[in-house]
Structures are given as structure tokens and as C-alpha cells.
**Q** 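My questions all concern the structure below.
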Amino acid sequence: MFRPKIPTMPQPTGLVTPPAVVVEPTTITPAVAPVAPPAPTAPVSSRPAVQLTPGSALALVGGDTAVVLVVGAVLVSMLLAVAITAASVAVCAIVVRSLLTRR
């Protein structure tokens with residue numbers, strides 16, 4: 001049951017030769033390179049470029065600051081959760097060790 005069964009390879013019955021491959025020469029005709037059409041030009045936009053006003057720049061900086069504060073709060077809370085878990089495991093280990101040494 002625990003010993004693997006190894007399959008036996010059948011022995012060839014005779015000499016096996018690969019089939020003959022016939023190579024026929026072909027002629028190569030050079031292809032004429034097609035002429036590429038001219039690249040289309042982009043139309044000139046009549047809209048002005050984006051300009052940052054003092055109000056929009058302040059909103060942009062405020063949004064980035066909010067993102068940094070939220071990500072920082074999440075990371076600090078995760079670190080605090082790991083620290084609390086480690087402290088509770090250490091306290092449990094000390095209690096179990098003291099209970100085992102009293103016996």
C-alpha cells in the first residue's frame with residue numbers, strides 16, 4: 001500500500017526510423033515598401049491652459065494634508081494594536097510561567 005508502483009516501459013518491437021522530410025526551394029520576391037501617409041496634425045485648442053488660483057492651490061494643499069493625516073492615523077493605530085497585542089501576550093506568558101513554577 002505504501003510502496004509506489006513504478007510503471008514498466010514497453011520494449012520496442014523493431015527499428016523505428018523517422019519519416020523522410022522533403023525540402024523544396026522557394027523563390028523570394030522583394031516586396032515594395034508601402035508609402036506611409038503623412039501624420040495628422042492635432043488641432044489647436046481654443047481653451048486656455050489650467051491656471052491655479054490661490055483658492056484652488058489652497059484646496060489642493062488642504063486635500064493632500066488631509067490624506068497624509070488619515071494615512072498617518074491609520075498607521076499609528078495599527079502600530080498601537082500590535083503593541084497592545086504583544087503586551088497582552090507577554091503578560092499571559094508571565095502568568096502561565098508563574099502558574100507552572102508553583103506546582
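Positions are given from 1, in the same order as the sequence printed here. When reading the values below, keep in mind they use all heavy atoms of this one structure, side chains included, and skip hydrogens, waters and symmetry mates.
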**Q** Please list every donor-acceptor pair under 3.5 Å in which a side-chain atom of residues 57-75 meets a protein atom from a residue at least two apart or in another chain.
**A**
from: T65; atom 1: OG1; to: V61; atom 2: O; distance (Å): 2.8

**Q** With a cut-off of 3.5 Å and sequence neighbours excluded, list every side-chain donor-acceptor pair involving residues 82-95.
**A**
from: T85; atom 1: OG1; to: A81; atom 2: O; distance (Å): 2.8
from: S88; atom 1: OG; to: I84; atom 2: O; distance (Å): 3.3
from: S88; atom 1: OG; to: T85; atom 2: O; distance (Å): 2.8

**Q** If the condition is side-chain hydrogen bond (donor to acceptor under 3.5 Å, both in side chains), which residues does S77 pass it with, not counting sequence neighbours?
**A** none

